[in-house]
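Numbered from 1 within each chain, the chains take letters A, B, ... in sequence-line order.
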Protein chains: 2
Amino acid sequence: MKGKATSFDIAHLAGVSQSTVSRALRGSPLVSEETRRRIQSAADTLNYKVDKNASNLRRQHTGTLALLLFEDPTADDSHINPFFLSMLGSITRASAQQGYDLLISFQQFSRDWHADFAGCQKADGLILLGYGDYQSHRDKLEKLVAQGTRFVRWGAVLPGQPGVSIGCDNFEGGRTATAHLIGQGCRRVAFLGDATPHYPEFHERYRGYADALRAAGLEVDEALQADAETTERAGYEAAELLLERGVSFDAVFAASDLIAIGALRALAERGLAVPGDVALAGFDDIPMASFVNPALTTVRQDTGKAGEVLVEQLLRLIRGDGAESAMLPAELKVRRSSLRR
Amino acid sequence: MKGKATSFDIAHLAGVSQSTVSRALRGSPLVSEETRRRIQSAADTLNYKVDKNASNLRRQHTGTLALLLFEDPTADDSHINPFFLSMLGSITRASAQQGYDLLISFQQFSRDWHADFAGCQKADGLILLGYGDYQSHRDKLEKLVAQGTRFVRWGAVLPGQPGVSIGCDNFEGGRTATAHLIGQGCRRVAFLGDATPHYPEFHERYRGYADALRAAGLEVDEALQADAETTERAGYEAAELLLERGVSFDAVFAASDLIAIGALRALAERGLAVPGDVALAGFDDIPMASFVNPALTTVRQDTGKAGEVLVEQLLRLIRGDGAESAMLPAELKVRRSSLRR
DNA sequence: CTGAAAGCGCTTACAG
DNA sequence: CTGAAAGCGCTTACAG
């Protein structure tokens, strides 16, 4: 095969000007049916495809969305967090449905990522996904806003945040899960996960947890909380820490399923039965959650819906329609790990 | 902020020509250190980024790789096959490491995908990932080759295939898993999964299965095979079919973990104990495999390695170095689901 | 409805 | 080591 066909080649073949080829192929109503047909068939025989780079350069637009996936550098890098993987799938689908390509890029929190994508014309807009220290994140978000970069982020939805955020109702999720554990007769409910404003999603879950405890007339005991990022290992270690502290507890609410699954292993190794000795609940409803033994009670985040909303709001931003932050419902999924009666 | 800065803006600011700016920023050795510094600092203050579209158009290159993910349209579309998700993660990482962006695109087998990416300058090369009917796939692969499109595919590695294929040693994986089941004392080993050349990966696993049976002096009984695509539901249904046939079996080798997990559920519902009544093994080692109860014996495909090799070979193709098909080792992971003694 | 022409923002021979 | 100029392949006012 010789070099790629251009619009000039097909103009020549169809006996029209190159401008008309361009118009015809972009579906302009200005072109007559007959001309359009001739051009189309010429394009087909030459196997012509519009050059995206040229088209994008001219139109100042890319037709692609970029997904920036942040991973905590301390996470064991063998596997991506399954929750994000699930989001990735749903975002990919949603973009495709809207006719956009999706560019995926892994980023580390520390890096100067905010500059990399803003204005280099790789994408019309950005989707930010990932946990991590929000305080350090925030500056970059503000720069993004200042630069006029279109972006939406997945995360906690709180007042005063820069840009558009989509997230689930972490507070309500935490509250419901904890209330459920209390409803099972538990009185000493531990919380596994970071509980500071640095990690707003976990913090909201923690606030919901504390709220449920107080509503039941129970004390919020700091000795019952242990930090953990979202990995199985961190969950395992946090549970061990709790055990070593010697505080008594009859339930664990983990800020994520991965943490819960790690805790489950730690508890089993100490001979503690779930749910018999300790009732357990997680957060996310990753695919694994229903397969562990016992099946894990958790708060489901609807990743399918999340992807749709993220893409939809980003496209609104791109079109200049104005987008809004939104909070998606979190749904308690009761499984065996928390059923004590 | 006003419109984006161009190379002319920074040329003006640095007091040089636009060509020099371009050279300096691309790291040409022709530019003096001092000039380069001045240009760099001008670029920094104007927050200048090279426009990818323009650069790519001029250089006739994109700096991005496209991943075409094929999903069987009959699969329940709530979740992507976890094995592919894992591959996706590893491919993303590997591309990033090589300085390439990754464009992800879901495709249906039926669609005319082969034309969509070839020559439209969206990507320098293609990675094809997904199961499905190979026969219908094949024509398109041949067209891709004819068009000179650079691509590598994940799949069975067999003689006479168009293009470069990377896959794991499916035959050996199937053989080892089956031999292990036989070693556990099983004599009637069922195979769950399509076993025709239309699905070459499964077919290879089936051939390995049959080989192990014969090597042990056991008969290959067609009544012990049931078709299934890679979903939990299909695995469940295939196991049910087997049960309804009334044939006796004391082990199941499933062509994928998802199939195995579905079978596990079907067996449990009939009151059959795994591994007590039926020993079970799968293929892939998806994250879930170690979390089901009992933990699933399986053949591990090293997705991390797979992504690296795929990207590496594709880049060789792009550079014109010539790439070769390669078969990666498959490793048996023995867990509780197959241990009868 | 169609064509001639400008221009999107770069890269890279060519000339000095 | 640097600059002036051509050109990558389109899209889109402008003129007819």
Ignoring hydrogens and angles, state whether a donor on the side chain of B:Ser19 or B:Ser22 is under 3.5 Å from an acceptor on the partner side chain.
-> no
The residue, B:Arg36 or B:Ala54, whose nearest nucleotide of DNA chain D is more 5′ is B:Arg36
Which class fits the ring pair A:Phe83 and A:Trp154: parallel under 30°, tilted 30 to 60°, perpendicular over 60°?
-> tilted
Do any of residues 17-35 of chain B sit with a heavy atom less than 4.0 Å from DNA chain D, and if so which?
-> B:Ser17, B:Ser19, B:Thr20, B:Arg23, B:Pro29, B:Leu30, B:Val31, B:Ser32, B:Thr35
Charged N to carboxylate O under 4.0 angstrom, A:Arg36 versus A:Glu33?
-> yes
For B:Thr62 and B:Asp124, test the side chains for any donor-to-acceptor distance below 3.5 angstrom and give the result as yes or no.
-> yes
In the structure shown, which nucleotide is the Watson-Crick or G-U wobble counterpart of C:dA13, with both distances under 3.5 Å?
-> none
Contact boundaries on DNA chain C for chain B, cut-off under 4.0 Å to non-hydrogen atoms = C:dG9 to C:dA13
Could you walk me through whether B:Leu310 and B:Met87 pass the side-chain contact (heavy atoms from CB on, under 4.5 Å) test, one step at a time?
-> CA-CA 10 Å; B:Leu310 245 12; B:Met87 287 290 283; 3.8 Å; yes
Run the salt-bridge test on A:Glu312 and A:Arg316 with the 4.0 Å N-O cut-off and return the result as yes or no.
-> no
May I ask you to check whether over 12 heavy atoms, not counting those of A:Gln97, lie within 6.0 Å of atom CD?
-> no
Taking all heavy atoms of A:Arg138 and all of A:Gly160, pick out the closest pair and write down the distance.
-> NH2-O, 2.9 Å
